Amino acid sequence: MSQEMHISETYLSHLFKRETGLSPIQYVIHCRIGEAQSLLMETQLPIYEIEERLGFGSSCHLTTMFKKYVGISPREYRKHFITEKIKKK
């Protein structure tokens with residue numbers, strides 16, 4: 001993108017962060033974690049399959065990043081939403 005815009009990668013990163021509040025890599029991670037949240041709530045896919053679909057190198061990496069951004073593990077997150085669905089019935 002920086003080549004197409006004729007600016008340096010560093011400057012593009014600076015502009016991106018100024019506009020979004022996140023660095024480009026943080027933005028990508030944020031999007032991937034959001035998608036993981038959706039898949040955990042809306043599907044019964046195994047966590048390892050979600051990790052593969054979203055390009056995390058391992059389930060440990062997904063779990064580490066998920067805990068960092070969400071505060072709980074993917075397994076705990078899914079369990080929480082299953083419990084909430086049961087309570088609503």
Side-chain angles (χ1 to χ4, degrees):
M1 284 178 36
S2 64
Q3 288 176 350
E4 289 181 24
M5 298 174 73
H6 304 288
I7 59 175
S8 71
E9 290 178 15
T10 304
Y11 187 59
L12 177 60
S13 180
H14 173 75
L15 292 175
F16 190 90
K17 185 167 185 169
R18 187 174 70 194
E19 292 299 316
T20 66
L22 300 169
S23 71
I25 192 66
Q26 288 173 324
Y27 180 81
V28 170
I29 292 168
H30 180 78
C31 290
R32 289 164 67 199
I33 294 297
E35 183 63 21
Q37 288 175 292
S38 295
L39 291 170
L40 288 164
M41 287 187 301
E42 298 167 6
T43 73
Q44 292 301 312
L45 291 171
I47 293 172
Y48 73 87
E49 193 170 322
I50 293 171
E51 164 260 311
E52 288 174 3
R53 283 186 180 198
L54 298 178
F56 288 94
S58 68
S59 58
C60 291
H61 186 228
L62 170 60
T63 299
T64 300
M65 298 307 289
F66 201 90
K67 280 184 175 180
K68 179 179 177 179
Y69 286 86
V70 181
I72 58 177
S73 73
R75 189 172 318 285
E76 292 169 316
Y77 188 84
R78 176 175 271 165
K79 185 177 179 180
H80 171 76
F81 280 97
I82 289 171
T83 303
E84 289 299 313
K85 282 183 183 180
I86 291 170
K87 285 181 183 178
K88 288 180 181 180
K89 288 183 179 181

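Source: prediction; values computed, not measured.
When the side chain to side chain donor-acceptor pair (under 3.5 Å) test is applied to E51, no partner is found at least two apart in sequence or on another chain. Applying the side-chain contact (heavy atoms from CB on, under 4.5 Å) rule to H61 yields the partners F56, S58, M65; only residues at least two apart in sequence or on another chain are considered. For S73, the side chain to side chain donor-acceptor pair (under 3.5 Å) partners two or more places apart in sequence, or in a different chain, are E76. The side-chain contact (heavy atoms from CB on, under 4.5 Å) search around T43 returns L39, L45, R78, not counting sequence neighbours.
Here CG of L15 is found 10.5 Å from OG1 of T20. Values are rounded to the nearest 0.5 Å. Between the CD1 atom of I72 and the NE2 atom of H80 there is a distance of 7.0 Å, given to the nearest 0.5 Å.
No side-chain heavy atom of P74 sits less than 4.5 Å from a side-chain heavy atom of I50. Contact of the V70 side chain with the Q37 side chain is registered, since non-hydrogen atoms from C-beta on lie closer than 4.5 Å.
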Just list the side-chain donor-acceptor pairs under 3.5 Å for residues 2-9, sequence neighbours left out, or say none.
unit_1: S8; atom_1: OG; unit_2: Y11; atom_2: N; d: 3.0

Please list, one pair per line, the donor and acceptor atoms closer than 3.5 Å that link side chains of residues 24-36 to other protein atoms, with sequence neighbours excluded.
unit_1: Q26; atom_1: OE1; unit_2: S23; atom_2: N; d: 2.9
unit_1: Q26; atom_1: OE1; unit_2: S23; atom_2: OG; d: 3.3
unit_1: R32; atom_1: NE; unit_2: L54; atom_2: O; d: 2.9
unit_1: R32; atom_1: NH2; unit_2: L54; atom_2: O; d: 3.3
unit_1: R32; atom_1: NH2; unit_2: G55; atom_2: O; d: 3.0

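Residue F66 is not grouped with residue L22 when hydrophobic side chains (ILVMFWY) are merged at heavy-atom distances under 4.5 angstrom, including chains of intermediate members. Residues Y69 and M41 are members of one and the same hydrophobic cluster, defined by side-chain heavy-atom contacts under 4.5 angstrom among Ile, Leu, Val, Met, Phe, Trp and Tyr.
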